[in-house]
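A quick write-up on the structure given underneath.
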Protein chains: 2
Amino acid sequence: MNIENTKTQMSKGIFEYCILSLIRNEDKYASEIIEIFSKTKFDIVEGTIYPILTRLKNASYLSYYWQESNQGPPRKYYKITPEGLLFLNQLDEIWSDIEKSVKQIINY
Amino acid sequence: MNIENTKTQMSKGIFEYCILSLIRNEDKYASEIIEIFSKTKFDIVEGTIYPILTRLKNASYLSYYWQESNQGPPRKYYKITPEGLLFLNQLDEIWSDIEKSVKQIINY
DNA sequence: TATAGTACTATGTAATACAAAGTACCAAAC
DNA sequence: GTTTGGTACTTTGTATTACATAGTACTATA
């Protein structure tokens, strides 16, 4: 039980919410998402991002399309679906509840 | 992929932090902790609490002692160790980072 | 053609919550 | 004394998700 692992465990489960949030207002491809995450204190790697995107796509919360790139191979852009938006709105609520509950417990 | 499971996954990993926080200022036994949690929007059950307490004890972050009860069987009180306090201070930092990172991403 | 950079796919392993089953102790009722 | 109900603790198999890793594929450049 070390601090790095605990940090990972604490972040685990929040990534889906974060990724959907990123895609809420603008379609994105995986490497773009990884780049954005790298600017936060989250440590997330591609081995995590891709399965999450696939999972969300399989659940019909995201759709995708391919777009040529002038910097390398084509990119797979993800776009949030109406169902995805509904789901995400619920996740907003849940995250808010979690923050409040943690605060409640820390200040107990 | 349903909302209940996602809620669970989002909370998962935070419970260790919460339990250590509860024990920070005052020794506690399991059922007491469950009772406090029941007043928050966390859904946590004994099947989770006990293994967490055991894990933290095995990592030397908690110590314990038995105390007779006049309402039933004896209670196993947990007390945070100096190492546990150090660890918890780190978790305070990590949680703060996580909150900031989520906010950063939501507002991206 | 080979190399470098960019992008995507898949999987075995590790970690943690939960449902569930079970054990144990004490007090009250019979 | 025995049974019942309430209280408290222990254990474990299953489900889920992140990560390290290995690999494939496309485009531009040397």
Side-chain angles (χ1 to χ4, degrees), chain A residues 1-20 27-38 42-59 62 64-78 91 94 98 101, chain B residues 1-20 27-38 42-59 62 64-78 91 94 98 101:
Chain A
M1 185 181 284
N2 67 64
I3 201 67
E4 281 308 307
N5 175 60
T6 304
K7 178 179 179 183
T8 298
Q9 301 299 330
M10 285 169 84
S11 311
K12 209 175 195 180
I14 303 176
F15 292 143
E16 276 183 14
Y17 173 51
C18 293
I19 288 173
L20 274 175
D27 305 351
K28 287 190 174 44
Y29 65 101
S31 299
E32 194 177 4
I33 292 171
I34 293 171
E35 176 63 28
I36 295 170
F37 266 96
S38 76
F42 279 130
D43 300 311
I44 191 170
V45 294
E46 55 187 53
T48 298
I49 298 276
Y50 287 105
I52 290 181
L53 288 170
T54 301
R55 209 155 68 224
L56 291 168
K57 180 212 66 180
N58 287 340
L62 295 180
Y64 70 86
Y65 55 92
W66 290 93
Q67 194 168 303
E68 296 293 324
S69 153
N70 59 355
Q71 286 182 266
R75 292 161 173 165
K76 188 172 186 175
Y77 279 80
Y78 286 90
L91 298 191
I94 288 173
I98 288 175
S101 295
Chain B
M1 185 181 281
N2 67 63
I3 201 67
E4 281 308 307
N5 175 59
T6 304
K7 180 179 178 182
T8 297
Q9 301 300 330
M10 284 168 85
S11 308
K12 204 177 194 179
I14 302 176
F15 293 143
E16 279 182 13
Y17 173 50
C18 292
I19 288 173
L20 275 174
D27 307 350
K28 287 190 171 47
Y29 66 100
S31 301
E32 194 177 5
I33 292 172
I34 293 172
E35 176 62 29
I36 295 170
F37 266 97
S38 76
F42 281 131
D43 299 312
I44 191 169
V45 295
E46 54 186 56
T48 298
I49 297 274
Y50 287 106
I52 289 182
L53 287 170
T54 301
R55 211 155 65 226
L56 290 168
K57 181 213 67 180
N58 288 340
L62 294 179
Y64 70 86
Y65 56 91
W66 291 93
Q67 193 168 303
E68 295 295 325
S69 154
N70 60 353
Q71 284 181 268
R75 292 162 174 165
K76 189 171 186 178
Y77 278 80
Y78 287 90
L91 297 191
I94 288 172
I98 286 174
S101 294

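The sequence lines fix the lettering, A, B, ..., with proteins before strands; numbering per chain opens at 1. Because only heavy atoms are used, hydrogens play no part in the values below, and waters and symmetry mates are left out as well, while side chains stay in. Treat the numbers as computed from the prediction; the structure is a model and nothing was measured.
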Would you tell me if any nitrogen or oxygen in the side chain of [X] comes within less than 4.0 Å of OP1 or OP2 on [N]?
X        : N       : value
Tyr50(B) : dC9(D)  : yes
Ser31(A) : dA7(C)  : yes
Arg55(A) : dA18(D) : yes
Tyr29(A) : dA7(C)  : yes
Asn5(A)  : dC19(D) : no
Asn70(B) : dT7(D)  : no
Thr48(B) : dC18(C) : yes

Problem - Sugar-phosphate, base or nothing in reach of Asn2(B), heavy atoms under 4.0 Å - result: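 Nothing: the residue Asn2(B), judged by heavy atoms under 4.0 Å, touches no strand.
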
Exercise for the section: May I ask you to say what Gly13(A) touches in the nucleic acid, namely base, sugar-phosphate or nothing, with a heavy-atom cut-off under 4.0 Å? Expected result: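 Gly13(A): backbone/sugar contact only, no base atoms under 4.0 Å.
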
Problem - Aromatic ring pairing Tyr78(B)/Tyr64(B), orientation class (parallel under 30°, perpendicular over 60°, tilted between) - result: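 Taking Tyr64(B) first and then Tyr78(B), their aromatic rings sit tilted (interplane angle of 30° to 60°).
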
Handout entry: Parallel, tilted or perpendicular: rings of Tyr77(B) and Tyr65(B) (30°, 60°)
Key =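 Ring orientation, 0 to 90° scale: parallel.
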
Among [options], the one nearest [X] by side-chain distance:
X        : options                   : answer
Lys76(B) : dT9(C), dC9(D), dT16(C)   : dC9(D)
Pro73(B) : dT7(D), dT12(D), dC19(D)  : dT7(D)
Val45(A) : dC9(D), dC19(D), dT6(C)   : dC19(D)
Tyr78(B) : dT10(D), dT17(D), dA15(C) : dT10(D)
Arg75(A) : dA8(D), dT6(C), dC18(C)   : dT6(C)
Glu46(A) : dA22(D), dT27(D), dA8(D)  : dA22(D)
Pro51(B) : dA17(C), dT11(D), dT16(C) : dT11(D)

Length of the line joining [X]:[atom1] and [N]:[atom2], which is rounded to integer Å:
X        : N       : atom1 : atom2 : value
Asn58(A) : dT9(C)  : CG    : P     : 11 Å
Leu62(A) : dC8(C)  : CG    : C1'   : 16 Å
Glu35(A) : dG5(C)  : CD    : C1'   : 14 Å
Leu53(A) : dT9(C)  : CG    : C1'   : 12 Å
Glu32(A) : dC8(C)  : CD    : C1'   : 15 Å
Ile34(A) : dC19(D) : CD1   : P     : 11 Å
Ile19(B) : dT16(C) : CD1   : C1'   : 12 Å
Gln67(B) : dC25(C) : CD    : P     : 18 Å

Exercise for the section: Start with the C-alpha gap between Leu53(A) and Ile33(A), add the side-chain angles, then the distance that decides, and say whether side chain to side chain contact (heavy atoms under 4.5 Å, CB included) holds. Expected result: CA-CA 10 Å; Leu53(A) 288 170; Ile33(A) 292 171; 4.1 Å; yes

Practice task
Output yes when a side-chain donor or acceptor of Ser38(A) lies under 3.5 Å from a complementary backbone atom of Glu35(A), and no otherwise.
Solution key: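 Yes: the side chain of Ser38(A) pairs with the backbone of Glu35(A).
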
Handout entry: Nearest-nucleotide comparison on DNA chain C, the residue closer to the 5′ end among Met1(A) and Thr54(A)
Key =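 Between the two, 5'-proximity favours Thr54(A).
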
Exercise for the section: Let me know, please, whether Ser69(B) or Gly47(B) comes out on the 5' side of the other along DNA chain C by nearest nucleotide. Expected result: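 Nearest nucleotide further toward 5': that of Gly47(B).
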
Exercise for the section: Take Ile94(A) and Ile3(B) through the side chain to side chain contact (heavy atoms under 4.5 Å, CB included) test and state the conclusion after the steps. Expected result: CA-CA 9 Å; Ile94(A) 288 173; Ile3(B) 201 67; 3.8 Å; yes

Exercise for the section: Using a strict cut-off of less than 4.0 Å between a Lys/Arg side-chain nitrogen and an Asp/Glu carboxylate oxygen, indicate whether Arg75(B) and Glu32(B) qualify as a salt bridge. Expected result: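 A salt bridge is absent here (no side-chain N lies under 4.0 Å from a carboxylate O).
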
Problem - No-H, no-angle donor-acceptor pair, Lys12(B) side chain to dT16(D) base, under 3.5 Å - result: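 Answer yes: a donor N or O sits under 3.5 Å from an acceptor.
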
Practice task
Spell out yes or no: do the side chain of Gln71(B) and the base of dC26(C) have one donor N/O and one acceptor N/O closer than 3.5 Å?
Solution key: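 No.
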
Exercise for the section: Name the residue closer to the 5' end of DNA chain D, choosing between Asp43(A) and Glu68(A) according to the nucleotide with the nearest heavy atom. Expected result: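 Result of the comparison: Asp43(A).
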
Practice task
In sequence, state the C-alpha distance, the side-chain angles, and the governing distance for Leu56(A) and Met1(B), and then conclude on side chain to side chain contact (heavy atoms under 4.5 Å, CB included).
Solution key: CA-CA 8 Å; Leu56(A) 291 168; Met1(B) 185 181 281; 3.8 Å; yes

